[in-house]
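When reading the values below, keep in mind they use all heavy atoms of this one structure, side chains included, and skip hydrogens, waters and symmetry mates.
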Amino acid sequence: MIIEFDKLPENLNELRAMPQASLSEPEFAAALFPAVMMHYSVNKEETYEMLEFLKGPYGLSTYEKQFLADRMADGDHVVRSFFSGTSPENDYKPSMPYTIVTERGFEEETDGRMKIFLTPSGADSKRHIMLRHKVSTNQWFIEDQMILSMIRPPKSQDPWA
């Protein structure tokens with residue numbers, strides 16, 4: 001599924017106003033994760049509030065905040081790599097509108113959980129986000145994410161370029 005954003009959310013109110021914030025499709029929650037993480041370098045606390053929304057009943061743990069801090073220490077090029085139009089050569093600059101392509105896992109749903117895959121432009125393999133369905137609200141929430149692994153550096157930061 002292709003998810004497009006005209007604008008990325010900068011706070012919880014903006015996130016809630018987005019059509020994808022219904023979280024009625026697992027792809028919506030998966031695509032919103034990198035969209036929200038684009039705000040991390042601007043304001044961590046606002047980003048945490050938005051992630052709390054995406055995690056639903058799970059909430060955001062202290063461990064997860066530290067994990068995000070570790071992964072984002074080198075900048076946000078890993079997050080930017082999930083948007084269409086990015087590459088190491090253009091320093092992972094997304095094209096407009098912001099677009100993320102999602103793909104469902106082989107087993108579509110098991111025990112109310114689903115893997116949604118995203119492909120970073122700076123890596124050779126897909127990464128996944130695990131989502132869990134909340135039946136009472138028919139929403140999908142992020143259970144775990146495995147997308148912030150290292151990728152090729154932006155050309156402007158590559159010492160071998």
Between Y48 and K65, is there a cation-pi geometry (under 6.0 Å to ring centre, at most 45° from the normal)? yes
Is a donor on one side and an acceptor on the other found under 3.5 Å between the side chain of T47 and the backbone of Y40? yes
Please walk me through it: do M38 and F83 pass side chain to side chain contact (heavy atoms under 4.5 Å, CB included)? CA-CA 11 Å; M38 290 285 284; F83 291 90; 3.7 Å; yes
Could you check whether any side-chain heavy atom of V42 comes within less than 4.5 Å of a side-chain heavy atom of H39, counting everything from C-beta outward? yes
Report yes or no: does N11 contribute a side-chain atom to a donor-acceptor pair with the main-chain N or O of E46 at less than 3.5 Å? no
Short side-chain to backbone donor-acceptor contact, E14 and E10, under 3.5 Å: yes
With side chains defined as the heavy atoms from C-beta onward, is the minimum distance between R113 and L131 less than 4.5 Å? no
Of all residues at least two apart in sequence or in a different chain, which pass the side chain to side chain donor-acceptor pair (under 3.5 Å) check with S24? S22
Between the side chains of D144 and H128, does any donor sit under 3.5 Å from an acceptor? no
Would M130 and L118 show up in the same hydrophobic cluster when neighbours are defined by side-chain heavy atoms closer than 4.5 Å? no
Main chain of I147, side chain of Q145: is a donor-acceptor contact present, judged purely on distance under 3.5 Å? yes
Flag yes if V78 and M146 sit in one hydrophobic cluster, no otherwise; membership is Ile, Leu, Val, Met, Phe, Trp, Tyr, and two members link when side-chain heavy atoms are under 4.5 Å apart. no
Report yes or no: does E64 contribute a side-chain atom to a donor-acceptor pair with the main-chain N or O of S61 at less than 3.5 Å? yes
Charged N-O contact under 4.0 Å between D124 and R152: yes
Greater than 12 external heavy atoms within 6.0 Å of M150's CE: no
Quick check: are there more than 12 heavy atoms from other residues, nucleotides or ligands sitting under 6.0 Å from CE of M96? yes
Is it true that a side-chain atom of T102 and a backbone atom of I116 form a donor plus acceptor pair closer than 3.5 Å? no
Name of the residue among L54, I142, L12, L8 meeting side chain to side chain contact (heavy atoms under 4.5 Å, CB included) with V36: L54
Are K115 and E103 close enough for a salt bridge, meaning some N to O gap below 4.0 Å? no
Is there a path from L148 to V101 through hydrophobic residues (I, L, V, M, F, W, Y) whose side chains come within less than 4.5 Å of each other? no
Any side-chain heavy atom of R104 within less than 4.5 Å of one from P26? yes
Decide side chain to side chain contact (heavy atoms under 4.5 Å, CB included) for Y92 and I151; before the verdict, give the C-alpha distance in whole Å, the side-chain angles of both, and the deciding distance to 0.1 Å. CA-CA 11 Å; Y92 298 104; I151 60 172; 3.6 Å; yes
Indicate yes or no: at least one non-hydrogen side-chain atom of W140 is less than 4.5 angstrom from one of E27. no
When you look at M18 and F28, which way does the side chain to side chain contact (heavy atoms under 4.5 Å, CB included) test go after all the steps? CA-CA 10 Å; M18 299 174 79; F28 292 170; over 6 Å; no
Has T99 got a side-chain atom pairing as donor or acceptor with E4's backbone, closer than 3.5 angstrom? no
Could you check whether atom CG of D6 has more than 12 heavy atoms from other residues, nucleotides or ligands sitting under 6.0 Å from it? no
Quick one about E143 and Y58 (side-chain donor to acceptor, distance below 3.5 Å, no hydrogens or angles considered), yes or no? yes
For E89, give me all partners under side-chain contact (heavy atoms from CB on, under 4.5 Å), at least two apart in sequence or on another chain. S87
Is there side-chain contact between M50 and L32, with heavy atoms separated by less than 4.5 Å? no
So do F53 and R16 actually touch side chain to side chain, heavy atoms under 4.5 Å? yes
Is F117 linked to I129 within one hydrophobic cluster, defined over Ile, Leu, Val, Met, Phe, Trp and Tyr using a side-chain heavy-atom separation of less than 4.5 Å? no
Main-chain N/O of S41 paired with D76 side-chain donor or acceptor, under 3.5 Å: no
Are side-chain heavy atoms of S81 and S121 found at a separation under 4.5 Å? yes
Under the side-chain contact (heavy atoms from CB on, under 4.5 Å) test, which residues partner K93, sequence neighbours left out? N90
Taking the side chain as every heavy atom from C-beta outward, state whether I3 and Y98 have any pair of such atoms under 4.5 Å apart. no
